[in-house]
Amino acid sequence: MAKRDYYEVLGVGRDATPSQIKSAYRKLARKFHPDVNKAADAADKFREATEAYEVLSDDKRRPMYDKFGHAAPSTGGGPGGGPRWGGPRGGQRGGVVDIGEMFGGGFAGMSLEEILGTLGGGGHHPRRGRRGGGARGHGHPFGGGPFGATYAADVAGQDVEHHLNLDFMQAVLGTTATLRITADDGSAETINVRIPPGVKEGSRVRVRGKGQAGPGGAGDLYIVTHVGEHAYFRREENDIYLDAPLSFAEAALGAKIDVPTVTGDRMTVTIPPGMASGQKLRLRGKGVTPPGGEAGDQYVVVKIVPPRNLSANGRRLMEEFAQTEPYDPRKDVPWHAK
């Protein structure tokens with residue numbers, strides 16, 4: 001059966017840019033990968049698209065193909081043709097086609113064998129080993145051909161997830177967690193893991209080599225953090241919010257109040273006269289410092305609280321104030337009656 005034109009295979013014009021060629025291949029690779037597409041011809045279409053991409057993405061091979069077609073040297077049309085997965089040294093990581101890039105950043109830095117093991121392993125996390133299968137990848141759709149061969153022999157064992165509950169301040173300031181890890185053979189190990197400052201709900205902390213054992217070494221342990229609420233601090237990304245109740249007099253006349261921060265110290269905040277409820281004062285750099293990032297800010301949110309019970313004298317003074325300093329706080333709101 002005659003080979004199809006590579007541009008036709010990828011569905012692009014002969015003037016397609018490298019980015020258009022890459023985009024077209026990514027779509028086809030996702031569509032026809034045999035672990036996603038169970039059609040009988042899916043593997044053949046995947047191979048065909050990969051071969052086309054390998055040639056058309058190569059600055060030296062594409063011009064030769066444009067001039068000579070499949071008769072061009074090293075385009076895959078002659079004996080021994082097809083995708084050239086090995087690099088200059090024939091190593092696992094020197095492949096011409098960057099499958100990791102084609103399938104997304106989650107496969108960055110992985111060898112072809114690891115990627116195929118991941119895609120063929122029923123949704124395993126990258127770098128997790130596959131159960132079953134021998135050195136020649138038994139059961140994989142590509143078998144022992146140029147895609148398969150020994151991909152399962154050198155991968156690490158499965159990664160393991162452990163969910164860890166932290167209180168609010170442990171997540172903000174960091175802590176050391178003591179974990180008991182049970183291996184496949186039933187043996188247990190107690191380890192101390194440093195949780196860095198600034199983790200949040202759903203953060204993943206990796207501990208190398210503490211996952212399940214595999215032919216190529218142990219996988220990694222991923223600690224997934226879950227963070228509890230605080231009695232008075234609130235966190236939004238890396239900023240901290242603290243409500244500060246003020247009396248009528250403090251809000252009207254201004255005041256100085258002491259407030260706590262997540263770093264453990266207290267700060268004196270100056271409340272300017274006339275602050276309204278809901279307005280905020282910023283304490284720069286007093287928020288959460290995420291791993292590898294800059295500290296957020298802490299915001300003091302003003303909450304004006306009226307007295308619950310007025311004495312007779314207090315009520316008289318408030319009425320006198322209302323008569324002496326009359327004002328309508330609703331005059332500027334859109335729904336105020338004119």
Side-chain angles (χ1 to χ4, degrees), residues 160-181 190-207 210 221-311 314-315 317-318 321 329-330 333:
V160 175
E161 283 189 353
H162 179 89
H163 293 261
L164 178 65
N165 293 323
L166 301 174
D167 66 37
F168 188 92
M169 297 306 298
Q170 286 176 325
V172 170
L173 302 178
T175 188
T176 298
T178 301
L179 308 178
R180 189 168 179 81
I181 306 301
T190 299
I191 61 174
N192 292 323
V193 178
R194 176 62 181 167
I195 305 299
V199 297
K200 57 185 178 180
E201 179 69 27
S203 291
R204 293 168 62 86
V205 178
R206 181 169 67 174
V207 183
K210 293 300 182 180
L221 168 66
Y222 285 86
I223 299 174
V224 183
T225 58
H226 301 284
V227 182
E229 296 182 352
H230 195 271
Y232 43 82
F233 288 127
R234 300 188 304 278
R235 178 177 177 178
E236 295 182 12
E237 296 299 330
N238 296 319
D239 294 331
I240 294 292
Y241 289 81
L242 173 72
D243 292 338
L246 297 181
S247 68
F248 279 147
E250 289 174 324
L253 302 177
K256 291 183 180 294
I257 63 173
D258 290 337
V259 298
T261 68
V262 291
T263 55
D265 55 346
R266 298 182 71 86
M267 295 189 65
T268 300
V269 177
T270 299
I271 307 295
M275 283 205 75
S277 193
Q279 287 187 296
K280 297 177 292 187
L281 296 170
R282 181 170 66 173
L283 305 180
R284 189 183 299 275
K286 289 297 183 178
V288 179
T289 302
E294 296 183 358
D297 301 321
Q298 179 168 320
Y299 290 90
V300 179
V301 184
V302 168
K303 299 292 183 182
I304 299 176
V305 181
R308 294 185 178 181
N309 298 299
L310 282 174
S311 66
R315 184 176 184 83
L317 292 174
M318 290 297 293
F321 171 80
R330 294 173 296 281
V333 298

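- Listed by chain and number, the residues in a side chain to side chain contact (heavy atoms under 4.5 Å, CB included) with I181 are L179, I191, L221 (sequence neighbours excluded).
- A donor-acceptor pair under 3.5 Å links the side-chain atoms of S277 to the main chain of I304, judged by distance alone.
- Here the straight-line distance linking atom CG of L242 with atom CG of L283 works out to 9.0 Å at 0.5 Å rounding.
- Remark: the K286 side chain and the T261 side chain contain no N/O donor-acceptor pair separated by less than 3.5 Å.
- The closest side-chain heavy-atom distance from V288 to R235 is below 4.5 Å.
- Taking 4.0 Å as the cut-off between side-chain N and carboxylate O, R282 and D297 count as a salt-bridged pair.
- Here the closest non-hydrogen pair linking P273 and A252 is CB-O, 3.5 Å.
- Residues satisfying the side chain to side chain contact (heavy atoms under 4.5 Å, CB included) criterion with S311, sequence neighbours excluded, are N313.
- Put simply, the side chain of L246 does not reach to within 4.5 Å of the side chain of V305, judged on heavy atoms.
- Within 6.0 Å of the CZ atom in R234, the count of heavy atoms belonging to other residues, nucleotides or ligands exceeds 12.
- Inspection of the N192 and T176 side chains reveals no N or O donor paired with an N or O acceptor under 3.5 Å.
- Contact annotation: the side chain of T289 never approaches that of P197 to less than 4.5 Å [non-hydrogen atoms, C-beta and beyond].
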**Prompt:** Run the side-chain contact (heavy atoms from CB on, under 4.5 Å) check on Y241 and E236 step by step: do they pass?
**Reply:** CA-CA 8 Å; Y241 289 81; E236 295 182 12; 3.7 Å; yes
Pair up each side-chain donor or acceptor in residues 224-232 with any protein partner under 3.5 Å, not counting sequence neighbours, and list the distances.
{"from": "T225", "atom 1": "OG1", "to": "K200", "atom 2": "O", "distance (Å)": "2.7"}
{"from": "T225", "atom 1": "OG1", "to": "S203", "atom 2": "N", "distance (Å)": "3.3"}
{"from": "T225", "atom 1": "OG1", "to": "S203", "atom 2": "O", "distance (Å)": "3.4"}
{"from": "H226", "atom 1": "ND1", "to": "E201", "atom 2": "OE2", "distance (Å)": "2.7"}
{"from": "H226", "atom 1": "NE2", "to": "H163", "atom 2": "ND1", "distance (Å)": "2.8"}
{"from": "H230", "atom 1": "ND1", "to": "Y232", "atom 2": "N", "distance (Å)": "3.1"}
{"from": "H230", "atom 1": "ND1", "to": "F233", "atom 2": "N", "distance (Å)": "3.2"}

